[in-house]
Engineer: 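Structure in structure tokens, see below.
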Amino acid sequence: MNEEILISGRMNPHIDPTLGIWGWEIPLYLFLGGLAAGILFFAALYSLLGKEKELPTAVRKATFLVPIILMVGLGALFLDLKNKLYFWQLYTTIRIESPMSWGAWILMLITPLSMAWCLSYWRDLIPNWTWQLKFLEWVEVFVQKYRKTFAWTMIISSVILGIYTGILLSAFNARPLWNTSILGPLFLVSGLSTGAATIMWLSKEKLERSLFSKIDLLLIGIEVFFIIHLFMGFMASNAAQIEAAQLFLGGAYTLPFWGGVVLLGLVIPAILEVMELRGKHIPVALPAILILIGGLVFRFIIVDAGQISQYFY
Amino acid sequence: MRYAMIIDTKKCVGCSDCVVACQNENRVPIGYCRDWVIENAKGTFPNVSIELRSERCNHCENSPCVRCCPTGASHYENGGLVMVDRSKCIGCGACVQSCPYNARYSHPDGFVDKCSFCNHRLKEGKNPSCVSVCPTSCMYFGDLDDSESQVSQLLKNRGWKVLAPEVGTKPQVYYLI
């Protein structure tokens with residue numbers, strides 16, 4: 001039998017025997033970024049469509065979660081840095097070629113934007129609130145006055161945020177599993193789907209729930225299509241990508257991916273939502289939680305498996 | 001000026017002197033290395049062959065690490081060297097992910113570190129420390145833009161390869177085969 005044995009004298013921590021420079025922080029952030037993007041996208045979309053009254057959770061209530069989600073995500077990103085006190089170096093330059101630079105800047109834009117959006121609805125939450133700081137009241141009035149401009153900015157920046165979480169990975173040509181342009185759209189759709197699931201879970205209105213249930217079904221369909229597309233692309237690609245795909249087609253990630261992500265995170269919630277729409281009584285939390293966990297596990301698996309996949313020479 | 005390193009796999013004996021010299025010269029923390037030796041055995045018994053390679057950062061012409069760095073800490077320097085500016089590095093790990101050779105590591109002090117072709121020695125007109133200590137003289141260093149240089153001549157007269165050219169990085173460490 002023709003065999004090849006490779007003996008390496010290198011044993012750098014977090015690099016060998018397999019790469020593990022990114023731990024839990026990055027996949028958690030990718031999930032939270034996608035989730036925030038999803039919620040903001042639907043808030044801005046339905047605000048522009050003038051559905052603020054019919055869909056109060058999507059436009060108002062759910063967005064109160066976004067600043068918290070983004071803060072936790074930013075915290076995770078910060079923890080990932082090995083030179084934490086130098087984080088501000090991200091904001092001394094804009095590097096068009098580096099997706100991480102894009103990400104840092106878009107977060108700088110979308111975090112205050114989401115806070116301002118929440119401020120403009122703050123009196124929904126506490127009706128007789130009076131602002132101690134004049135500035136906050138000014139923000140509230142300002143957003144209310146220029147709601148349309150804000151919504152458009154939010155829609156565009158949330159799509160960039162959602163798609164960038166995938167492009168961040170796909171830009172690494174050294175990791176065959178990530179190096180596919182479908183990863184950006186896939187992460188965006190997955191993020192929108194987790195956002196829709198959250199809105200559906202929080203909503204008390206029947207009409208809103210069933211609308212987001214339908215949206216979620218559509219997004220799950222697109223996601224499954226993208227996943228099939230992803231593997232079709234790998235199998236028709238070079239040796240490194242065929243090998244990377246094997247991690248999911250018989251390799252170590254087969255069961256976690258097809259069982260944990262595709263079955264539990266996509267197929268079962270889709271079946272539950274169809275049953276719900278057909279009039280069966282299903283607790284809304286169930287499909288929503290499954291979708292959220294599925295989205296989280298999906299990112300952990302992709303980040304982990306991607307670091308293992310590499311070129312052999 | 002275009003710096004390149006050439007390693008003759010037919011002369012290398014895999015002693016790892018280059019590794020120790022580098023660790024010493026560049027004060028690489030214990031347990032880490034900027035260069036390393038690979039022993040690649042292949043074939044069907046009894047027709048087996050072995051290749052020994054001293055590997056390090058390839059100072060690629062099309063460096064994915066420079067492209068992916070969000071702060072500009074990874075950058076090109078004179079002669080095509082790929083360098084890390086420690087005062088700009090935030091340790092995000094993007095360059096570590098982007099390197100197909102896994103040539104970078106996270107230094108315990110927070111920044112990302114790798115082979116610098118001993119830039120500080122080049123400025124004094126010396127060879128990188130690994131090249132200068134090699135007991136079999138299987139390593140060469142020089143300027144590929146100069147067609148008369150030893151490295152240019154070697155690439156002209158001998159068969160050679162670079163590692164994982166299919167990734168498109170245009171590596172500047174050449175292996176004579």
Side-chain angles (χ1 to χ4, degrees), chain A residues 1-16 18-19 21-23 25-26 77-78 80-95 97-105 168-169 171-176 178-179 238-240 303 306-307 310-313, chain B residues 14 16 19 29 31-45 47-48 50 54-55 64-73 85-94 96-112 161-169:
Chain A
M1 198 177 79
N2 194 34
E3 276 189 274
E4 187 164 355
I5 302 170
L6 210 70
I7 302 167
S8 169
R10 190 183 63 196
M11 201 57 203
N12 283 337
H14 306 298
I15 310 291
D16 302 297
T18 53
L19 191 64
I21 196 82
W22 283 351
E25 299 92 342
I26 298 288
L77 270 190
F78 181 70
D80 171 69
L81 299 183
K82 306 286 186 294
N83 236 1
K84 294 185 175 53
L85 294 179
Y86 281 44
F87 80 96
W88 51 268
Q89 287 281 7
L90 282 169
Y91 299 107
T92 57
T93 173
I94 296 180
R95 299 210 58 258
E97 288 177 299
S98 163
M100 203 177 267
S101 180
W102 274 80
W105 281 103
L168 175 73
L169 300 181
F172 294 124
N173 49 346
R175 311 290 154 212
W178 293 344
N179 193 210
N238 56 35
V303 170
Q307 295 189 86
Q310 65 169 61
Y311 280 87
F312 291 97
Y313 49 84
Chain B
S16 291
V19 180
Y32 293 79
C33 58
R34 286 182 175 191
D35 58 349
W36 57 93
V37 174
I38 292 274
E39 198 179 314
N40 190 359
K42 52 184 154 189
T44 314
F45 184 80
N47 300 316
V48 286
I50 198 164
S54 171
E55 293 187 0
C65 50
V66 173
R67 175 167 53 81
C68 288
C69 177
T71 65
D85 183 343
R86 294 179 180 185
S87 64
K88 277 190 182 172
C89 177
I90 58 174
C92 67
V96 179
Q97 299 286 9
S98 75
C99 179
Y101 311 104
N102 288 345
R104 291 166 165 256
Y105 65 87
S106 182
H107 192 283
D109 288 347
F111 53 86
V112 166
K161 67 170 181 183
V162 291
L163 301 180
E166 65 272 25
V167 195
T169 54

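Naming convention: chains lettered A, B, ... in sequence-line order (proteins, then strands); numbering from 1 in each chain. If you're wondering where the values come from, they're calculated on a predicted model, not measured in any experiment.
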Engineer: For A:F312, is it the side chain, the backbone, both or neither that has a heavy atom under 4.5 Å from a heavy atom of chain B?
Structural biologist: backbone

Engineer: For A:E4 and B:N40, test the side chains for any donor-to-acceptor distance below 3.5 angstrom and give the result as yes or no.
Structural biologist: yes

Engineer: Of the backbone (N, CA, C, O) and the side chain (C-beta and beyond), which part of B:V37 lies under 4.5 Å from a heavy atom of chain A, both, or neither?
Structural biologist: backbone

Engineer: Tell me, for B:C92 versus chain A, whether the close heavy atoms (under 4.5 Å) come from the side chain, the backbone, both or neither.
Structural biologist: both

Engineer: Would you indicate whether the side-chain heavy atoms of B:S98 and A:N173 approach each other to under 4.5 Å?
Structural biologist: no

Engineer: Show the atom names and distances, to 0.1 Å, of all donor-acceptor pairs under 3.5 Å that link a side chain in residues 6-15 of chain A to residues at least two apart or in another chain.
Structural biologist:
residue, atom, partner, partner atom, Å
A:S8, OG, A:R10, N, 3.0
A:R10, NE, A:D16, OD1, 3.2
A:R10, NE, A:D16, OD2, 2.9
A:R10, NH1, B:Y101, O, 3.0
A:R10, NH1, B:N102, O, 2.8
A:R10, NH2, A:D16, OD1, 3.0
A:N12, OD1, B:C33, N, 2.8
A:N12, ND2, B:C33, O, 3.0

Engineer: Flag yes if more than 12 heavy atoms outside A:W22 fall under 6.0 Å of its CH2 atom; otherwise flag no.
Structural biologist: yes

Engineer: Is a donor on one side and an acceptor on the other found under 3.5 Å between the side chain of A:R175 and the backbone of B:P100?
Structural biologist: no

Engineer: Could you tell me which portion of B:N47 (side chain, backbone, both or neither) has an atom closer than 4.5 angstrom to a non-hydrogen atom of chain A?
Structural biologist: neither

Engineer: Tell me, do A:L19 and B:Q97 make a side-chain contact under 4.5 Å, heavy atoms counted?
Structural biologist: yes

Engineer: I'd like to know which of B:A94, B:P108, B:P64, B:A73 tops the heavy-atom pair count under 4.5 Å against chain A.
Structural biologist: B:A94

Engineer: Taking every non-hydrogen pair under 4.5 Å, which of A:E25, A:K82, A:K84 racks up the most with chain B?
Structural biologist: A:K82

Engineer: Determine yes or no for a side-chain-to-main-chain donor-acceptor pair under 3.5 angstrom, with A:Q89 supplying the side chain and B:S87 the backbone.
Structural biologist: yes

Engineer: Given side chains that start at C-beta, do those of B:K88 and A:Y86 come closer than 4.5 Å, heavy atoms only?
Structural biologist: no

Engineer: Looking at B:G72, B:A164, B:G31, B:A41, which has the largest count of heavy-atom pairs under 4.5 Å with chain A?
Structural biologist: B:A41

Engineer: Can you tell me which portion of B:R34 sits under 4.5 Å from chain A's heavy atoms? Options are side chain, backbone, both or neither.
Structural biologist: neither

